[in-house]
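Side chains included, hydrogens not; waters and symmetry mates left out as well; all remaining heavy atoms used. Residue numbers start from 1 in every chain, and the chains themselves are labelled A, B, ... in the order their sequence lines are given, proteins ahead of strands.
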Number of protein chains: 2
Amino acid sequence: MDNKIKLRNAGLRPTKQRIIIADILLNGFNRHFTAENLQNEISISGNKMSIATVYNCLKKFKNAGLIKQVESYTDTAIFDTNNISHHHFLNEETGELIDINNNEINLVKLPDIPKGFINSGVDVIIKLKKNN
Amino acid sequence: MDNKIKLRNAGLRPTKQRIIIADILLNGFNRHFTAENLQNEISISGNKMSIATVYNCLKKFKNAGLIKQVESYTDTAIFDTNNISHHHFLNEETGELIDINNNEINLVKLPDIPKGFINSGVDVIIKLKKNN
DNA sequence: TTTTTACTTTAAAATGGTTCTAAACTACTT
DNA sequence: AAGTAGTTTAGAACCATTTTAAAGTAAAAA
């Protein structure tokens with residue numbers, strides 16, 4: 001269970017609930033998910049967690065940099081276990097996201113950043129429509 | 001009032017309410033706004049409209065291609081009167097969006113589009129953080 | 001250890017944006 | 001002028017998320 005250590009290193013107290021979530025999310029496989037998706041996976045793993053706790057944990061994990069929240073065109077927050085900078089295809093009909101590796105996109109020209117700000121990340125979203 | 005004609009050309013019955021909204025939105029100045037923003041502007045213009053109607057009209061305007069809905073990292077839908085393909089700066093602290101003209105960004109390499117789909121638009125979002 | 005303290009979890013209520021309902025209304029057609 | 005199909009509305013419903021406040025737990029102090 002070195003997820004206990006991972007949590008501690010991230011500055012999070014390793015509670016029973018956070019360890020359950022870390023065991024599900026931080027296993028090396030990347031995925032996109034909603035709070036409800038995660039609660040279902042927790043149930044499947046034989047555990048039970050209040051939705052408030054799921055949201056609390058997701059916020060903590062996100063602020064600690066263990067997961068990211070990604071853009072969404074729907075009204076449900078989508079999280080991503082892939083912390084490496086990358087981009088997304090968006091299926092406009094379903095809202096589903098598919099990862100695009102950074103090296104598959106080349107942005108050669110960027111606009112001047114407004115005064116007083118710095119660029120804190122660039123997201124490219126390629127919207128997809130069914131080809132009929 | 002050629003907004004009446006604009007609405008008809010877009011396939012929308014030009015009701016009193018839709019004309020009020022068209023007069024506010026389709027005046028050549030581009031802006032980002034929420035449903036609530038728009039309802040406030042309607043009040044300021046001396047009119048009164050139910051929030052349900054505001055939402056109904058925004059949906060119709062959007063499907064007719066008169067306005068766009070843009071990505072949002074907050075839980076409130078943001079609309080844009082700028083129909084020309086363009087990108088955005090996102091102020092991460094406030095959620096505010098600033099337009100970026102298409103010619104200020106140059107994407108020279110794009111990934112292969114998944115089979116069965118076509119590219120229906122690319123959004124680039126440059127996130128901004130205060131520079132301290 | 002035991003005690004203390006600060007943080008965490010929880011069910012349930014509250015919140016806030018958005019959509020639905022169903023009745024009244026209005027633009028357009030006949 | 002009458003019919004009909006689409007539209008507006010207030011209010012209820014919905015649903016994702018956050019808050020509340022009380023009970024529980026991990027870590028620190030004694």
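A residue-by-residue look at B:S50 and B:R13 shows that B:R13 has its nearest nucleotide of DNA chain D further toward the 5' end. Mapping B:A52 and A:I78 onto DNA chain D via the closest heavy atom, the residue that lands nearer the 5' end is B:A52. Between A:K60 and B:P14, the residue anchored nearer the 5' end of DNA chain C, judged by the nucleotide with its closest heavy atom, is A:K60.
Atom CD in A:Q17 sits roughly 9 Å away from atom C1' in D:dT25 (whole-Å rounding). What separates OH of A:Y55 from C1' of C:dT8 is a distance of 19 Å, to the nearest Å. As a whole-Å value, the separation of A:F79 CZ from D:dA16 P is 13 Å. Spacing between atom CE of B:M49 and atom P of C:dT18 amounts to 17 Å, rounded to whole angstrom units. Across the protein-nucleic acid pair, A:D75 atom CG and D:dC15 atom C1' stand 8 Å apart, rounded to whole Å. Taking atom CD1 on A:I19 and atom C1' on D:dA26, their separation rounds to 11 Å, with Å as the unit. Rounded to a whole Å, the CG atom of B:L12 is 13 Å from the P atom of D:dG6. For the pair A:I51 CD1 and D:dA16 P, the computed distance is 9 Å after rounding to whole Å.
When distances run from any side-chain atom of A:K48 to the nucleotides C:dG17, C:dT10, C:dA11, the shortest one goes to C:dA11.
Distances shorter than 4.0 Å separate some side-chain N or O of B:T53 from OP1 or OP2 on D:dT9. Between B:R8 and the phosphate of C:dA27, there is no side-chain N or O to OP1/OP2 separation shorter than 4.0 Å.
Salt bridge status for A:K127 with A:E93: absent, with no side-chain N to carboxylate O gap under 4.0 Å.
In this structure, B:T81 contributes its side chain and B:R31 its backbone to a donor-acceptor pair below 3.5 Å. Listed for the A:K130 side chain is no donor-acceptor partner under 3.5 Å among the backbone atoms of A:N91. B:N83 places a side-chain N or O within 3.5 Å of a backbone atom of B:L66 that can act as its donor or acceptor partner.
Across every non-hydrogen atom of B:I51 and B:Q39, the tightest pair is N-NE2, 3.4 Å.
Among the heavy atoms of the strands lying under 4.0 Å from B:T76 are primed sugar atoms or P, OP1, OP2 only; no base atom is included.
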